[in-house]
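Note that the structure is predicted; figures quoted are calculated from it, not measured. Nothing fancy with the numbering, it's 1 onward along the sequence.
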Amino acid sequence: MLQEKGAALSAVGMAFALVAVGGALGKAAFGRLGERFGVTRSVLLTEVGTAVAILAVIALPLAPALVVLPGLGLMLNGTSSVLYGTVPDLAPGGRVERAFAIFYTCTLGGSALAAPLLYGPLGDAVGPSWAAVAAAATALAVVPFMLALAPHLAVPRRP
């Protein structure tokens with residue numbers, strides 16, 4: 001997608017680095033923000049922020065799109081930091097180890113399958129920009145699930 005905007009291969013490599021730097025900051029920042037503002041608000045912020053950042057990268061010319069990429073990484077990895085903290089709260093019967101096993105299996109397995117099996121063929125069929133729009137829509141699809149889970153996440157955190 002960036003190459004379609006005129007990016008050289010070195011700029012594409014820099015783009016990956018920008019997303020990774022933002023992602024590292026997201027891991028560090030959103031764990032604390034999740035504690036301060038609550039899981040529901042934090043996840044809603046990061047998922048909507050992810051969708052907005054993806055759509056901005058699609059719509060903007062190359063230079064401004066590159067400026068958005070650290071923010072995209074921040075939002076992408078910020079979500080996971082907040083969600084990791086919810087697993088113990090949602091673990092049935094205090095079975096935290098099993099809950100983490102299910103969580104990691106589903107998230108990592110889903111990611112490993114979605115990219116090559118869903119978004120790859122979608123990108124081949126409709127182009128990378130429309131596949132990215134689908135990724136933004138997927139981020140927004142989390143919002144109703146988060147709102148449904150919100151009452152279960154109001155449980156005070158364990159020390």
**OP:** Mind checking the CE-CG spacing from M75 to L25? Nearest 0.5 Å is all I need.
**Re:** 11.5 Å
Original post:
Taking the side chain from S42 and the backbone from V39, do they hold a donor-acceptor pair closer than 3.5 Å?
Top reply: no
Subject >> Heavy-atom check, side chain of F30 versus side chain of N77, under 4.5 Å >> reply: no
Subject >> Taking every non-hydrogen atom, the tightest pair across S81 and G26 >> reply: OG-O, 4.0 Å
Original post:
Where do P64 and P61 come nearest, in terms of heavy atoms and distance?
Top reply: CD-O, 3.3 Å
Original post:
Is a side-chain donor or acceptor of K5 paired with a backbone partner of A65 at a separation under 3.5 angstrom?
Top reply: no
Original post:
So, for M146 and T40, which heavy atoms are closest and what is the spacing to 0.1 Å?
Top reply: CE-CA, 3.9 Å
**OP:** For residues Q3 and V12, determine if any side-chain heavy atom of one lies less than 4.5 Å from a side-chain heavy atom of the other.
**Re:** yes
Original post:
If you round to the nearest 0.5 Å, how far is CG of L108 from CZ of F103?
Top reply: 8.5 Å
Original post:
In terms of heavy-atom contacts, does CZ of F16 have more than 12 from other residues, nucleotides or ligands at under 6.0 Å?
Top reply: no
Subject >> side chain to side chain donor-acceptor pair (under 3.5 Å) contacts touching residues 93-111 (sequence neighbours left out) >> reply: none
**OP:** Indicate if I58 and L69 have the same hydrophobic cluster label, given that clusters are the connected sets of ILVMFWY residues with side-chain heavy-atom separations under 4.5 angstrom.
**Re:** yes
Original post:
Are side-chain heavy atoms of V82 and E35 found at a separation under 4.5 Å?
Top reply: no
Subject >> Selection residues 56-74 - residue pairs positive for side chain to side chain donor-acceptor pair (under 3.5 Å), sequence neighbours left out >> reply: none
Subject >> Exceeds 12 heavy-atom contacts within 6.0 angstrom, atom CG of L9 >> reply: no
Original post:
With the 4.5 Å side-chain cut-off for hydrophobic clustering, are V57 and V19 part of the same group?
Top reply: yes
Original post:
Pairs in or reaching into residues 116-137: which pass side chain to side chain donor-acceptor pair (under 3.5 Å), with residues at least two apart or in two chains?
Top reply: Y119-T138
**OP:** Indicate, with yes or no, if L62 and I54 share a hydrophobic cluster defined by side-chain heavy-atom contacts under 4.5 Å among Ile, Leu, Val, Met, Phe, Trp and Tyr.
**Re:** yes
Subject >> Same cluster (ILVMFWY, side-chain, under 4.5 Å), L74 and L45 >> reply: yes
Original post:
What are the two closest non-hydrogen atoms of A136 and A51, and how far apart are they?
Top reply: O-CB, 3.6 Å
Subject >> Check: V21 and P70 side chains under 4.5 Å, non-hydrogen atoms >> reply: no
**OP:** Answer yes or no: is there a side-chain heavy-atom contact under 4.5 Å between V67 and L60?
**Re:** no
Original post:
Given side chains that start at C-beta, do those of L118 and L113 come closer than 4.5 Å, heavy atoms only?
Top reply: no
**OP:** List the atom of G78, the atom of T46, and the distance in Å for their closest heavy-atom pair.
**Re:** C-CG2, 4.0 Å
Original post:
Are L2 and V126 connected in the hydrophobic side-chain network, where two residues link if heavy atoms are under 4.5 Å apart?
Top reply: yes
Subject >> Shortest non-hydrogen separation from V68 to A56 and the atoms involved >> reply: CG1-CB, 4.2 Å
